[in-house]
Protein chains: 2
Amino acid sequence: MSITRPLGFRAAGLAAGIKADGRRDLALVVNDGPRDTAAAVFTSNRVQAAPVLWSRQAVADGRARAVVLNSGGANACTGPEGFADTHRTAEHLAGVLGVSAQDVLVCSTGLIGERLPMEPLLSGAGAAVDALDAGEQVDAAAAQAIMTTDTVPKTAEVVLPSGVVVGGIAKGAGMLAPQLATMLVVLTTDADVDAATAQEALAAATRTTFDRVDSDACMSTNDTVILLASGASGTAVDAAELGEAVRAVSADLARQLVADAEGASHDVHVVVRSASSEDAALAVAREIARSSLVKTAIFGNDPNWGRIVSAAGCVPEAVAPFDVTDLSVSVNGVEVCRGGGAHRDRSEVDMTPRETVIEVDLGAGAAEADIWTNDLTHAYVEENSAYSS
Amino acid sequence: MSITRPLGFRAAGLAAGIKADGRRDLALVVNDGPRDTAAAVFTSNRVQAAPVLWSRQAVADGRARAVVLNSGGANACTGPEGFADTHRTAEHLAGVLGVSAQDVLVCSTGLIGERLPMEPLLSGAGAAVDALDAGEQVDAAAAQAIMTTDTVPKTAEVVLPSGVVVGGIAKGAGMLAPQLATMLVVLTTDADVDAATAQEALAAATRTTFDRVDSDACMSTNDTVILLASGASGTAVDAAELGEAVRAVSADLARQLVADAEGASHDVHVVVRSASSEDAALAVAREIARSSLVKTAIFGNDPNWGRIVSAAGCVPEAVAPFDVTDLSVSVNGVEVCRGGGAHRDRSEVDMTPRETVIEVDLGAGAAEADIWTNDLTHAYVEENSAYSS
């Protein structure tokens, strides 16, 4: 289970006919309370889809009763008409649920630049209300309904010692880079918390989980992470306790996103240590994670540390002060570069595991940061060249 | 002809045995004067190969008599020993040529992190001195000797109305991004100019040519562009006249680099107009040129303007102020996006030509800038995963 495991939530996932192939394409999550606490973070891309524009203002009061999500179309770059479509979706669902439209958040994912088919979307939303339920089946159906190029649904949950539960579903397989990725995430909890606490917990969790996924350096127009809290457990938790549980669920889902990234054959964990600051470490990690030459080398099972060092050297000194002659690089535990030069032989590195760990020591301080990325493969090129998405 | 077409230059290119496969791997260019004017620009990667460290200080006085270039090894990340190898190469050639070691510039290209085989390199350098000549054959041999993954040698020349000639050779096919690309370029001219004029002309030309090539966003450790002026024409030219000729030769060579980029099936010209500043236009052009999703779409002959707009939206507003609803995008002359939304149908775009033109209008000013890049293809992945380079 995931989103309906916490008390106070129901969900549904069904095929509304938005996708041409008849797969599930519409999910609904409803918070039955007693609380209607909501928090959210959104893409920082300046091109923001209509549902992002809508949900951003709708959640500004820290309250929401429902989230409706569709795959099969991003409703981005669709102008005032696209925004009206989103508004109409919220109004329609609000009418059926007997709540305010301002308490209905909307998420969409799919091709940019095309209008959504409103007739199937609205009738599907109505059918989803009828299908609302709790349990493993609806959680799985909801997680499936938000998939685009994902090959598996992503769900996670954590139970706190107090009995409070945090659950979540996520989608995202490409255009996967912070802040944020082309991903939609809905987290639910039955903790008794206010909106400020929920927002603080969500923002902190996102910063070190979803914001550290950088599969292909491409930031989407639709990214949304929503946390709904029902308070149905009757148990109050503080920001730290909730934050840790939200972080754990987010980390779990983020790792699942990387594992299912388009065409990937390796999940790559880039860890940069001994940096002058966390931002410096992050800048170096991100530059390495975004290097096409590093990513193709990993696809070829080649621990090519020269490309890693060269990528690190592209980060301006003002951003990440370090001395090139202090750099060391380990790949899967073998220190192939020390003091900026060759060290142990690259043939010692076993590149066959799916998880590849690149550790870089800058010798410039005590801070560290990490990024999760993927290798660059034929399958990635195939998937993103053969189909419009 | 190219580098020996200007009066006062001789060159050679031969197989010294640095490359295992017996192809040409060593080039020598000698300036016989009367002037020994030299100018150069180097990679801005903080990881700088030994020959870059050497040549940077050797050219600081604005003078050089010779440039020796090898493929088959980058001599980068090789520590003090690697620097000693470069120094020894310059000393050796200086002895044979009867000049100061400080007047011998060195360039290397190939795999990072391995020492050069010094015995074949030094004996090859001696043989190159014996082979020095002028004419089409040596120009071609020199251009071939610096090739790595290049499939064709690159040469260019321009004759000014005054009779002054500028010629050049270049290599570079991957790790091809400013500033600069993994490229080595030697330009020669018989113009009678001083070092300051030569440096000014070279810097200006590079800024709008080699610095605008961004094939794969990966900046190398070895990039060097050198301009040698012999003064043998006896004709003085001013910085503007020389600058235009150097720019024309550089633009010609830069275009050849793009045309031979690893695995590319399209050469992509990204032009951003109506920007608030040239820097703003350049930032947007570079973000689009670096998007894996834009590049794979072009490989698939898909004029996916949503990915272009999404990439533009990733540039921070502080860097490039514009309103998303003012964006228009044309692909190969068809305006597929206007006012931030869909306009003409994407099916109207003919993506079959090798040259793809993406024009973006920001509606935010009068400045413009362009970047040349390539699509992201199976062949790029294959070339960079199957071989260590």
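The figures that follow rest on heavy atoms only: side chains count, while hydrogens, waters and symmetry mates do not. Residue numbers begin at 1 in each chain, while the letters A, B, ... track the order of the sequences.
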Practice item. Would you please go through residues 322-332 of chain B and name the residues with a non-hydrogen atom below 4.5 Å from one of chain A, in numerical order? Key: B/Phe322, B/Val324
Practice item. Kindly determine whether B/Cys314 and A/Asn45 satisfy side-chain contact (heavy atoms from CB on, under 4.5 Å), including the steps that lead there. Key: CA-CA 5 Å; B/Cys314 293; A/Asn45 195 317; 3.5 Å; yes
**Study point:** No-hydrogen, no-angle side-chain donor-acceptor test under 3.5 Å, B/Ser385 and A/Asp302
**Key:** no
Check your understanding: Any donor-acceptor pair under 3.5 Å linking the side chain of A/Arg46 with the backbone of B/Val315?
Key -> yes
Exercise for review: Could you walk me through whether B/Ile112 and A/Asn304 pass side-chain contact (heavy atoms from CB on, under 4.5 Å), step by step?
Suggested key: CA-CA 9 Å; B/Ile112 294 172; A/Asn304 193 322; 5.7 Å; no
**Study point:** Interatomic spacing from SG in A/Cys77 to NE2 in B/His343 - rounded to 0.5 Å
**Key:** 15.0 Å
Review point. Which pair of non-hydrogen atoms, one from B/His378 and one from A/Glu382, has the smallest distance, and what is that distance?
Key: NE2-OE1, 2.7 Å
Study note, to complete from the structure: Between B/Val381 and A/Leu376, the two heavy atoms sitting closest are CG1-O, 3.7 Å
Review point. If you count heavy-atom pairs under 4.5 Å with chain B, which of A/Gly113, A/Ala76, A/Gly82 comes out on top?
Key: A/Gly113
**Study point:** Contacting region of A/Glu317 [heavy-atom separation from chain B under 4.5 Å]
**Key:** both
Review point. Under the side-chain contact (heavy atoms from CB on, under 4.5 Å) criterion, do A/Val47 and B/Ser310 qualify, and how do the steps go?
Key: CA-CA 6 Å; A/Val47 179; B/Ser310 181; 5.6 Å; no
